[in-house]
Q: 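Just passing along the structure, written as structure tokens.
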There are 2 protein chains.
Amino acid sequence: MADKNLQKFKDVLRSEHLKVTPQRLAVFEEVCSTDDHRDADDIYLSLKQREKAVSRATVYRTVDLLLKYNFVSRIDIEDGKWRYEHWLDCTRHDHLICVRCGNIVEFSDKNIQIREKRIAKSFDYTLVRHVLNLFGYCSDCRGK
Amino acid sequence: MADKNLQKFKDVLRSEHLKVTPQRLAVFEEVCSTDDHRDADDIYLSLKQREKAVSRATVYRTVDLLLKYNFVSRIDIEDGKWRYEHWLDCTRHDHLICVRCGNIVEFSDKNIQIREKRIAKSFDYTLVRHVLNLFGYCSDCRGK
DNA sequence: AGTTAAACGAGATTCAATCTCAATTAAATT
DNA sequence: AATTTAATTGAGATTGAATCTCGTTTAACT
């Protein structure tokens with residue numbers, strides 16, 4: 001599964017005349033290794049710890065690549081850092097974020113997506129992506 | 001209309017034992033004076049130009065206050081800056097943003113809101129706010 | 001193997017946002 | 001109306017994520 005996607009990543013790089021470098025593969029692998037939502041520095045530090053160190057600049061550059069070619073999505077929980085998650089299973093990822101503890105739950109709603117398309121059409125926009133974040137208190141944090 | 005809201009702002013400040021200062025009133029007034037989506041620096045510069053100069057720090061601080069007490073909402077068009085808009089008419093403001101020219105169209109969809117509530121409930125979260133941004137090409141930018 | 005253009009790393013830079021702290025001022029108290 | 005006090009302000013320093021620079025390295029084509 002992951003290997004298949006790694007292959008896809010390599011194919012995209014080659015077809016775009018970009019180089020297949022150990023650094024790019026390491027970042028790709030690292031991002032795909034968990035279902036967490038991690039920022040660029042988290043990824044940088046994990047790689048360092050695993051003795052696959054890649055410079056911060058390259059992490060940023062690679063993550064941008066992954067975003068551009070749709071291997072990851074980027075979410076913004078409004079704390080000033082972007083977080084990344086792999087896109088291996090093709091379901092949409094919208095987020096329900098606890099404003100106290102920062103816990104993130106994922107969901108997907110077909111019905112909302114249909115309405116979004118309708119809205120974009122009504123304003124004569126061609127939709128490319130959407131951001132839907134719900135903020136609230138999780139059951140643990142409510143009342144604290 | 002605007003005066004009524006200014007009064008409401010003063011009342012909130014007093015009830016929170018915060019001071020009613022000329023700087024705070026100037027920022028409030030400036031934010032409410034247009035329906036644009038402006039960042040903190042835009043607001044700072046407008047005030048300066050109108051010879052009602054307030055320091056950048058105070059603009060940031062006041063805008064946070066306005067956010068906290070629900071006089072403005074903050075939107076993120078993912079260019080690294082937060083933008084603010086007043087909340088004078090009580091309709092919701094979701095945004096359809098052109099990824100090329102940055103133009104912003106506002107909309108509101110009851111149906112989506114109902115589904116959001118349902119989703120939050122299903123995960124046992126208490127919803128406090130939501131962010132819904134649609135990104136696409138506007139009719140002018142499509143094809144360019 | 002040699003060539004070349006892309007990619008890398010270290011560290012500098014940018015810029016929005018936040019923080020610090022001395023001076024000022026709103027508003028409660030006498 | 002003067003005094004007290006605690007909050008607020010402004011100027012400039014600081015932070016930190018993200019980007020940029022540029023000399024060095026390396027993937028990949030011939």
Side-chain angles (χ1 to χ4, degrees), chain A residues 6-7 9-31 37-48 50-69 72 74-84 102, chain B residues 6-7 9-31 37-48 50-69 72 74-84 102:
Chain A
L6 185 69
Q7 193 52 49
F9 179 45
K10 289 182 186 174
D11 290 347
V12 167
L13 289 176
R14 292 205 184 93
S15 71
E16 295 290 318
H17 303 288
L18 299 170
K19 292 182 180 176
V20 175
T21 66
Q23 291 90 338
R24 281 173 176 166
L25 299 181
V27 172
F28 180 87
E29 200 204 336
E30 181 61 40
V31 170
H37 304 82
R38 293 185 294 168
D39 61 50
D41 210 52
D42 292 335
I43 296 163
Y44 166 77
L45 291 173
S46 290
L47 285 167
K48 199 170 183 180
R50 290 177 43 217
E51 321 245 329
K52 290 213 166 190
V54 165
S55 72
R56 272 195 177 80
T58 297
V59 171
Y60 277 103
R61 285 186 285 228
T62 305
V63 145
D64 283 349
L65 262 183
L66 293 175
L67 195 65
K68 181 172 177 187
Y69 294 108
V72 301
R74 187 173 73 178
I75 74 156
D76 181 3
I77 66 167
E78 307 195 7
D79 66 347
K81 294 186 264 190
W82 281 322
R83 279 149 220 274
Y84 301 87
Chain B
L6 185 69
Q7 194 52 49
F9 180 45
K10 288 182 186 173
D11 290 346
V12 168
L13 290 177
R14 291 203 185 95
S15 70
E16 297 289 318
H17 302 288
L18 298 168
K19 292 182 180 175
V20 175
T21 65
Q23 291 91 339
R24 283 174 175 163
L25 298 181
V27 172
F28 179 88
E29 200 205 334
E30 181 60 40
V31 170
H37 304 81
R38 293 185 294 169
D39 62 50
D41 210 53
D42 292 336
I43 295 163
Y44 166 76
L45 292 171
S46 289
L47 285 167
K48 198 170 183 179
R50 289 177 44 216
E51 322 244 328
K52 292 215 165 189
V54 166
S55 73
R56 273 194 177 81
T58 297
V59 171
Y60 278 102
R61 286 186 284 228
T62 305
V63 146
D64 283 348
L65 261 184
L66 294 175
L67 196 65
K68 181 173 177 188
Y69 295 107
V72 302
R74 188 173 74 179
I75 75 154
D76 181 4
I77 67 168
E78 306 195 7
D79 67 346
K81 293 185 264 187
W82 281 321
R83 279 149 220 276
Y84 300 87

Q: A:D41 or B:Q23: which one's nearest nucleotide on DNA chain D is closer to the 5' end?
A: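 The residue whose closest nucleotide sits nearer the 5' end is B:Q23.
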
Q: Just to verify, what does B:R61 make a salt bridge (charged side-chain N to carboxylate O under 4.0 Å, His left out) with, not counting sequence neighbours?
A: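 With neighbours one apart ignored, the set is empty.
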
Q: Shorter than 3.5 Å, N or O on both sides, protein versus nucleotides 20-23 of chain C: list them out with atom names.
A:
none

Q: Could I get the full list of side chain to side chain contact (heavy atoms under 4.5 Å, CB included) partners for B:K19, not counting sequence neighbours?
A: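 B:K19: side chain to side chain contact (heavy atoms under 4.5 Å, CB included) contacts with B:T21, B:R24.
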
Q: Could you check how far CG of B:L25 sits from P of C:dA27, rounded to whole Å?
A: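 Answer to the nearest Å: 9 Å.
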
Q: Atom OG in A:S55, atom CD in A:Q23: separation rounded to 0.5 Å?
A: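 So the gap between those two atoms works out to 7.5 Å.
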
Q: In whole Å, I'd like the distance from the CD1 atom of B:I77 to the P atom of C:dA16.
A: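 It is 13 Å, rounded to the nearest whole Å.
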
Q: Are A:D79 and A:R83 close enough, and set up right, to give a side chain to side chain contact (heavy atoms under 4.5 Å, CB included), and what steps lead you there?
A: CA-CA 10 Å; A:D79 66 347; A:R83 279 149 220 274; 2.4 Å; yes

Q: Are there any protein N/O atoms within less than 3.5 Å of an N/O atom in nucleotides 28-30 of chain D, and if so, which ones and at what distance?
A:
unit_1	atom_1	unit_2	atom_2	d
D:dA28	OP1	A:V20	N	3.0

Q: Let me know, please, whether B:P22 or A:R56 comes out on the 5' side of the other along DNA chain C by nearest nucleotide.
A: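 Closest to the 5' end, via its nearest nucleotide, is A:R56.
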
Q: Using the rule given for side chain to side chain contact (heavy atoms under 4.5 Å, CB included), can you reason through B:W82 versus B:I75, listing the C-alpha separation, both sets of side-chain angles and the distance that settles it, and then say yes or no?
A: CA-CA 6 Å; B:W82 281 321; B:I75 75 154; over 6 Å; no

Q: Is the shortest side-chain N/O distance from B:T58 to OP1 or OP2 of D:dG10 below 4.0 Å?
A: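 Yes, within the criterion.
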
Q: Check the distance between D:dG10's P and B:K48's NZ and give it to me in whole angstrom.
A: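 Checked: the NZ to P distance equals 12 Å.
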
Q: In this structure, how many angstroms lie between the C1' atom of D:dT9 and the CG atom of B:L47, rounded?
A: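 Rounded to whole Å, this separation is 14 Å.
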
Q: What is the separation between atom CG on B:D39 and atom C1' on C:dT18, rounded to the nearest whole Å?
A: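 Nearest whole value for this atom pair: 16 Å.
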
Q: Atom CD of A:E78 to atom P of C:dA16: distance rounded to whole Å?
A: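 Those two atoms, CD and P, are 18 Å apart.
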
Q: What is the distance, rounded to the nearest whole Å, between atom OH of A:Y60 and atom C1' of C:dG11?
A: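 Value for this atom pair: 15 Å.
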
Q: Taking CG from B:D76 and P from C:dA16, how many angstroms apart are they, rounded to a whole number?
A: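 Value for this atom pair: 14 Å.
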
Q: Quick one: which of A:Y84, A:Y69, A:F9 gives a ring-ring contact (aromatic ring centres under 6.0 Å, His included) with A:F28?
A: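 Of the listed residues A:Y84, A:Y69, A:F9, the ring-ring contact (aromatic ring centres under 6.0 Å, His included) partner of A:F28 is A:F9.
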
Q: Please enumerate all residues that pass side chain to side chain contact (heavy atoms under 4.5 Å, CB included) together with A:D41, with sequence neighbours excluded.
A: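 Applying side chain to side chain contact (heavy atoms under 4.5 Å, CB included) to A:D41 gives A:D39, A:Y44, A:L45, A:R56.
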
Q: Search all heavy atoms of B:K81 against all heavy atoms of B:D76 and return the closest pair with its distance.
A: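 Closest approach of B:K81 to B:D76: O-OD1, 4.3 Å.
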
Q: For B:K52, check salt bridge (charged side-chain N to carboxylate O under 4.0 Å, His left out) against everything at least two apart and list the hits.
A: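 If we apply the salt bridge (charged side-chain N to carboxylate O under 4.0 Å, His left out) test to B:K52, skipping adjacent residues, the hits are B:E29.
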
